[in-house]
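Heavy-atom basis, side chains included; hydrogens, waters and symmetry copies ignored. Numbers here simply count residues along the sequence, with the first being 1.
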Amino acid sequence: MADPKGFLNHGREVAESRPVEERKRDWNEVYVPGSLLPIISKQAGRCMDCGIPFCHNGCPLGNLIPEWNDYAYRGDWAAASERLHATNNFPEFTGRLCPAPCESACVLGINQPPVTIKNVEVSIIDKAWESGDVAPRIPERLSGKTVAVIGSGPAGLAAAQQLTRAGHTVAVYERADRVGGLLRYGIPEFKMEKRHINRRIEQMRAEGTRFRTGVEIGRDLKAADLKKRYDAVVIAAGSTTARDLPVPGRELKGVHQAMEYLPLANKVQEGDYVVAPISAEGKHVVVIGGGDTGADCVGTAHRQGAASVTQLEIMARPNDERHPVDQPWPTFPILYKVTSAHEEGGERIYSASTTHFEGDEDGNVQWLHLAEVEFVDGRPAPKPGSERRIPAQLVTLAMGFTGTDRENGLVDQFGLELDERGNIARDADFQTNVPGVFVAGDAGRGQSLIVWAIAEGRSAARGVDRHLVGAGDLPAPIRPTDRSLTV
C-alpha cells in the first residue's frame with residue numbers, strides 16, 4: 001500500500017489549467033506543463049489498496065491501478081511504467097482523453113472525491129517518455145504470417161502493435177493522409193497534441209509495423225484483393241456514419257457534420273491550411289449535441305474567434321452529483337460536466353430540439369429555430385408556445401454515430417453480416433462470419449470510449465493470433481459482449 005493514511009490526509013487535486021484567455025489564443029494542450037509532478041505522489045498515495053479494487057471493473061483494460069499508484073507514490077517511475085504498459089498500449093491517449101470510468105468505480109469515491117487515476121496515469125507515461133523508458137519491443141522471431149489492419153484509430157493501432165510483437169508481419173491501412181484515425185483528425189490539438197501520436201507511430205515502425213496511408217479498402221483496394229494478400233484481416237474502421245438532422249433547412253450552406261468541421265481545424269495545425277476552409281471566425285456558432293464531440297466543436301470555435309457559441313442538448317440537464325438510486329456506485333454516472341471548452345465561454349441550452357433552419361437569399365444559414373421539449377412515453381415532444389430562434393451562421397451536428405461506413409463497399413465486398421444495431425457481427429474470438437476476417441473497436445461494438453477501443457484491439461489480436469498459430473499468450477481483457485457497468 002502506498003500511504004495508509006493518504007486518503008485521510010490529502011484531498012483531491014487535479015491538473016492545473018492555463019488561464020482561459022491565454023489558451024484560447026493557441027492550440028496547445030490546456031494544462032500547465034509540469035504542474036502534475038509536484039502533487040502526483042500525494043495523489044497516488046490516496047489510493048487505498050482496497051483489497052477488491054473496483055477500479056479494475058470500471059476499466060475494460062483491467063489496468064493494474066493500485067500497483068502503479070504505489071510505484072508513483074514511491075517515485076519508482078520505471079516500475080510504474082512497466083505496470084502501466086502491461087495492460088495498456090497507449091496510456092498517454094487514455095490519460096488525456098478517457099472519461100475515466102475507473103474513477104467512477106474507485107472505492108474511495110463512495111463517500112469522498114475519488115483518486116485522480118487519470119492524472120497519475122498521464123504523469124507516469126509522460127515521465128517514462130522523458131526518461132527513455134518507452135522503447136520498441138521488437139519480436140524475437142517472425143511467424144511468417146501476415147495481417148492487414150483496416151483503420152489506424154486506437155483499436156487498429158492496439159491490434160497492430162500486439163500482433164507485431166507476437167511476430168506477425170502487420171500492415172495498417174488508413175484512408176486518411178496521416179495515421180491516427182479520430183485521434184488525429186477528430187480530437188482537437190488542445191485536448192491532445194499530435195506529437196503523442198507521432199512518437200507512438202515511430203515506436204511501432206521500429207517494431208516492424210508498416211503503415212499504408214491514403215488507401216481506402218473497398219474503393220482504392222478491393223476487399224477480395226486484400227484478403228488474398230494476407231493471412232488475416234482486422235477491420236477497425238470505426239463507427240463513422242454520423243447521425244443526421246432531417247429538418248427543413250438542413251441543406252443550407254453553413255450546416256456541417258462535426259467530422260466535416262473538426263478535421264479541417266486539425267489540418268491547419270498540421271500545416272495543410274493557413275485558415276480552415278470551414279471556420280467559426282466572426283460567426284454565431286451553434287453546436288447541436290451535448291457530448292464530447294460537441295465540446296470539441298465548442299473549444300475549436302472559441303479558438304477560431306467565434307462571435308458567440310451556443311450548444312444545444314435535447315436531454316435535460318444532468319445532475320451535479322451521482323444519484324444513489326438511479327446511478328449508484330460503482331456505475332459510470334451521467335453528470336453535468338464542465339470541460340475545458342465550456343470554461344472558455346458560450347451558452348448551453350438543455351431540453352431543446354431544433355425545428356428548422358432559416359437562411360438568407362444566398363442560401364447561407366442565419367437562424368436556428370428551436371423549441372423546448374418534454375418527454376412523453378420516453379420520446380421528446382415540443383412544448384407548444386416555446387418556439388424561438390437564435391442566430392446561427394455556422395452549425396455543427398455532433399449527435400453521435402450509427403455504424404461503420406457502408407458507402408465505400410467494405411462491408412458488402414467482404415460479405416459481412418451485421419447485428420441488429422448495424423454493427424459488424426463477430427463471435428467470441430472477434431471473428432466475423434468470414435473466416436480469417438476479424439473486427440475490433442467501434443465497427444463491431446458501436447460508438448464507444450477510447451479505453452474500450454484499445455481493449456477491443458488487444459482482444460481481437462488474441463483471436464487473430466490463435467487463428468494464425470493455433471495458440472498464443474496474447475491477453476484478451478474483454479469479450480465482444482462485455483459492456484460498461486450500468487444499472
Which atom pairs, one a donor and one an acceptor, fall under 3.5 Å between side chains of residues 441-453 and the rest of the protein, sequence neighbours left out?
residue, atom, partner, partner atom, Å
Asp442, OD1, Ser448, N, 3.4
Arg445, NE, Glu456, OE2, 2.6
Arg445, NH1, Asp482, O, 2.6
Arg445, NH2, Glu456, OE2, 3.0
Arg445, NH2, Asp482, O, 3.0
Gln447, OE1, Phe401, N, 2.8
Trp452, NE1, Ser484, OG, 3.3

Flag if over 12 foreign heavy atoms under 6.0 Å of CD, Glu251: yes
Is it the case that over 12 heavy atoms from other parts of the model lie below 6.0 angstrom from the CZ atom of Arg219? yes
According to the interplanar angle, ranging from 0 to 90°, do the rings of Trp329 and Phe54 count as parallel (below 30°), tilted (30 to 60°) or perpendicular (above 60°)? tilted
Is any side-chain heavy atom of [X] less than 4.5 Å from a side-chain heavy atom of [Y]?
X: Leu370; Y: Glu387; result: no
X: Gln162; Y: Asn89; result: yes
X: Gln304; Y: Tyr261; result: yes
X: His302; Y: Val309; result: yes
X: Thr432; Y: Phe414; result: no
X: Thr209; Y: Val172; result: yes
X: Arg175; Y: Ile217; result: no
X: Val234; Y: Phe430; result: no

Not counting sequence neighbours, list each pair that qualifies as a side-chain hydrogen bond (donor to acceptor under 3.5 Å, both in side chains) and has a residue in residues 95-118. Arg12-Glu103, Glu29-Arg96, Arg96-Asp126, Arg96-His196
Between [X] (side chain only) and [Y] (backbone N and O only), is there a donor and an acceptor less than 3.5 Å apart?
X: Gln43; Y: Val14; result: no
X: Lys194; Y: Met192; result: yes
X: Thr404; Y: Gly238; result: yes
X: Gln366; Y: Pro391; result: no
X: Ser279; Y: Glu281; result: yes
X: Arg46; Y: Lys42; result: no
X: Asn433; Y: Gly415; result: yes
X: Asn266; Y: Ile187; result: yes
X: Arg389; Y: Trp367; result: no
X: His56; Y: Asn63; result: yes

Nearest atoms (heavy-atom pairs only) where Arg388 meets Ile390: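 In this case the closest contact between Arg388 and Ile390 is NH1-CG2, 3.7 Å.
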Indicate the atoms forming the closest heavy-atom contact of Ala176 with Thr213, along with that distance.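 Taking every non-hydrogen atom into account, O-CB, 3.5 Å.
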Salt-bridge test for [X] and [Y]: reply yes if a basic N is under 4.0 Å from a carboxylate O, no otherwise.
X: Asp292; Y: Lys191; value: no
X: Glu92; Y: Arg195; value: no
X: Arg178; Y: Glu270; value: yes

Show, in sequence, the C-alpha distance, side-chain angles and deciding distance for Gln161 and Gln203, and conclude whether the side chain to side chain contact (heavy atoms under 4.5 Å, CB included) test is met. CA-CA 10 Å; Gln161 187 168 62; Gln203 180 200 34; 3.2 Å; yes
Please walk me through it: do Ile197 and Phe93 pass side chain to side chain contact (heavy atoms under 4.5 Å, CB included)? CA-CA 8 Å; Ile197 303 175; Phe93 302 166; 4.2 Å; yes
Test item: side-chain donor near acceptor, [X] and [Y], under 3.5 Å:
X: Glu174; Y: Ser152; answer: yes
X: Thr396; Y: His256; answer: no
X: Glu121; Y: Asn88; answer: yes

Glu313: partners by side chain to side chain contact (heavy atoms under 4.5 Å, CB included), with sequence neighbours left out: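 Listed in chain order: Met315, Tyr350.
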Honestly, is Arg250 close enough over Phe357, meaning NZ or CZ under 6.0 Å from the six-membered ring centre and within 45° of the axis? no
Tyr31 six-ring centre to Arg18 NZ/CZ under 6.0 Å and within 45° of normal: no
